[in-house]
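Chain letters run A, B, ... following the sequence lines, proteins first, then strands; residues in each count from 1.
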Protein chains: 2
Amino acid sequence: MTTRSGAPAQPSERSGAPAQPGTRRTKQRAAISALLADVDDFRTAQQIHDLLREGGESVGLATVYRTLQAMAAAEEVDVIRHEGEQLFRRCHSSEHHHHLVCRSCGHTIEITGPGVTEWAARLGQQHGFRDIDHELELFGLCDKC
Amino acid sequence: MTTRSGAPAQPSERSGAPAQPGTRRTKQRAAISALLADVDDFRTAQQIHDLLREGGESVGLATVYRTLQAMAAAEEVDVIRHEGEQLFRRCHSSEHHHHLVCRSCGHTIEITGPGVTEWAARLGQQHGFRDIDHELELFGLCDKC
DNA sequence: CTTCATGCAAACGCTTTGCACCAGC
DNA sequence: GCTGGTGCAAAGCGTTTGCATGAAG
């Protein structure tokens, strides 16, 4: 990605895929994908790493990070930041949504903000801001915690 | 804070203050306070550190962190986390509010979420969550950026 | 004079990266 | 056999902390 071979041969880039990483099907990616399909709650990269190890599928922590990053870029997983660390989760809805997350076990419920996006856009415009983005997450303790 | 003197003398703790740090009036605290009064935008601890240094008032970075932490605990400053780092700002409203923050210069406008708190509480209750807290901030580019 | 804040540097936790090795295709 | 993913360990970055010094009251 940083270095380029001297040859002027154009990289094998088809039209569809924007040369994102994470193309190749590997055992590690499969393991992470499978785990994410299983665990319906937000988890840190380190937790995912531990869970994989517990499950016998040992994957390097760096790979976990790299894969999650790629999946996040491909919008296959949702990422939220909480207290300095990032939490990952495979979400069901592909539409814009927010989360109600248990701050103890990570149990998550997807929620939709009632008109938050429009509200944010309107408010931004009012104050001369453009390119408005919003962060909205709810945290609490679920009934099991 | 971690180590205690062997003497069993009870710490000089009056009834009012819960032994929070930041009691003593020092030059550094004054400088940080003054700067925060001047700068109306969200700033990282390191930016504040730099600004102090530029202004001639050199304060150790650790002190900046410790002081900001104390001020945050005393609710004298607002803290938000964004992209892994925390931003500090002296806010005008002491009531619950949110922010519209320029992601380039940190310029900030205080906003009130229309019923977000109630909405969050209701939603939490619906799903058996308690002790609900919410994080809501807007980010964009201000007209000067 | 006692106590607590400060400063420095080292430690910390999470995340990213360089590089040699290995596996997809 | 190329290409690109993996693993390890080291580096990076923002933040916290231990400890000796210095200032506040």
Side-chain angles (χ1 to χ4, degrees), chain A residues 1-7 9-14 17-33 42-50 52-53 57-74 77 79-88, chain B residues 1-7 9-14 17-33 42-50 52-53 57-74 77 79-88:
Chain A
M1 209 164 251
T2 38
T3 56
R4 282 188 162 278
S5 56
Q10 52 257 17
S12 60
E13 191 178 311
R14 296 280 180 284
Q20 279 173 4
T23 305
R24 197 166 285 185
R25 294 159 59 19
T26 72
K27 190 163 49 113
Q28 291 83 341
R29 267 186 79 81
I32 295 174
S33 259
F42 269 104
R43 292 280 178 265
T44 66
Q46 318 231 30
Q47 287 176 330
I48 291 169
H49 177 247
D50 291 348
L52 287 168
R53 181 152 292 188
E57 290 279 4
S58 195
V59 180
L61 181 56
T63 300
V64 173
Y65 272 106
R66 277 188 281 234
T67 304
L68 289 173
Q69 190 175 283
M71 295 179 84
V77 294
V79 196
I80 62 179
R81 285 177 184 270
H82 188 53
E83 288 176 354
E85 56 187 16
Q86 37 197 106
L87 303 167
F88 302 86
Chain B
M1 209 164 256
T2 40
T3 56
R4 284 189 160 277
S5 55
Q10 53 258 21
S12 60
E13 191 179 307
R14 295 281 180 282
Q20 279 175 3
T23 307
R24 199 167 282 184
R25 297 169 49 43
T26 73
K27 193 160 46 107
Q28 291 85 340
R29 267 186 79 81
I32 294 173
S33 260
F42 269 104
R43 290 281 178 266
T44 67
Q46 319 231 33
Q47 285 175 330
I48 291 169
H49 179 246
D50 291 347
L52 288 167
R53 181 153 291 189
E57 292 278 5
S58 192
V59 179
L61 181 57
T63 300
V64 174
Y65 272 108
R66 277 188 282 236
T67 304
L68 289 172
Q69 190 175 284
M71 295 178 83
V77 294
V79 195
I80 61 179
R81 283 176 185 273
H82 190 232
E83 288 176 353
E85 58 189 13
Q86 37 195 89
L87 304 166
F88 303 86

query: Taking atom P of C/dT6 as reference, at what distance in whole Å does atom CZ of B/R25 sit?
result: 12 Å

message: Can you measure A/E57 atom CD to D/dG7 atom C1' for me and round it to whole angstrom units?
response: 15 Å

- prompt: Using a cut-off of less than 4.0 Å, is there contact between a side-chain N or O of B/T26 and OP1 or OP2 of C/dT6?
  reply: yes

task: Starting from C1' on C/dT6, measure out to CZ on B/R29 and report it in whole angstrom.
output: 13 Å

task: Can you measure from CD (B/Q47) to CZ (B/F88) and round to the nearest 0.5 angstrom?
output: 11.0 Å

message: Rounded to whole Å, how long is the line connecting atom CG of A/L68 with atom P of D/dG5?
response: 15 Å

query: Do B/R29 and B/M71 pass the side chain to side chain contact (heavy atoms under 4.5 Å, CB included) test, and can you show the C-alpha distance, the side-chain angles, and the key distance before you say yes or no?
result: CA-CA 10 Å; B/R29 267 186 79 81; B/M71 295 178 83; 4.3 Å; yes

side-chain N/O B/T23 vs C/dC4 OP1/OP2, d < 4.0 Å: no

field: Rounded distance (nearest 0.5 Å) linking atom CG of B/L52 with atom CD of B/Q28
entry: 10.0 Å

field: Rounded distance [0.5 Å steps], NE2 in B/H82 versus CZ in A/R81
entry: 8.5 Å

- prompt: Atom CD1 in B/I48, atom CZ in B/R53: separation rounded to 0.5 Å?
  reply: 14.5 Å

field: Reported CD-to-CD1 distance for the pair B/E85 and B/I80, which is rounded to 0.5 angstrom
entry: 10.5 Å

message: Between B/H49 and B/G60 (side chain of the first, backbone of the second, donor and acceptor by atom type, cut-off under 3.5 Å), is there such a pair?
response: no

Separation of atom CZ in A/F88 from atom C1' in C/dC14, rounded to whole Å: 10 Å

field: pair B/F42-B/Q86: side-chain heavy atoms closer than 4.5 Å
entry: no

query: How close do A/V79 and A/A72 get, heavy atom to heavy atom, and via which atoms?
result: CG2-CB, 3.5 Å

message: Rounding to an integer number of Å, can you tell me how far A/H49 NE2 sits from C/dT16 P?
response: 15 Å

task: For the helix from C/dC1-D/dG25 to C/dC25-D/dG1, figure out the bend between the end axes, five pairs an end, and round to 10 degrees.
output: 30°

field: Reading 5' to 3' through nucleotides 8-14 of chain D, protein heavy-atom contacts under 4.0 Å coded B for base, S for sugar-phosphate only, - for none
entry: B-----S

query: With nearest nucleotides of DNA chain D determined for A/V64 and B/K27 from heavy-atom distances, which residue corresponds to the more 5′ nucleotide?
result: A/V64

task: Could you tell me whether the phosphate oxygens of C/dT15, OP1 or OP2, come under 4.0 Å of any side-chain nitrogen or oxygen in A/Q69?
output: no

message: Side-chain N or O of B/Q28 versus OP1/OP2 of D/dA23: is the shortest distance under 4.0 Å?
response: no

Rounded interatomic separation in angstrom, taking CZ from A/R24 and P from D/dC2: 14 Å

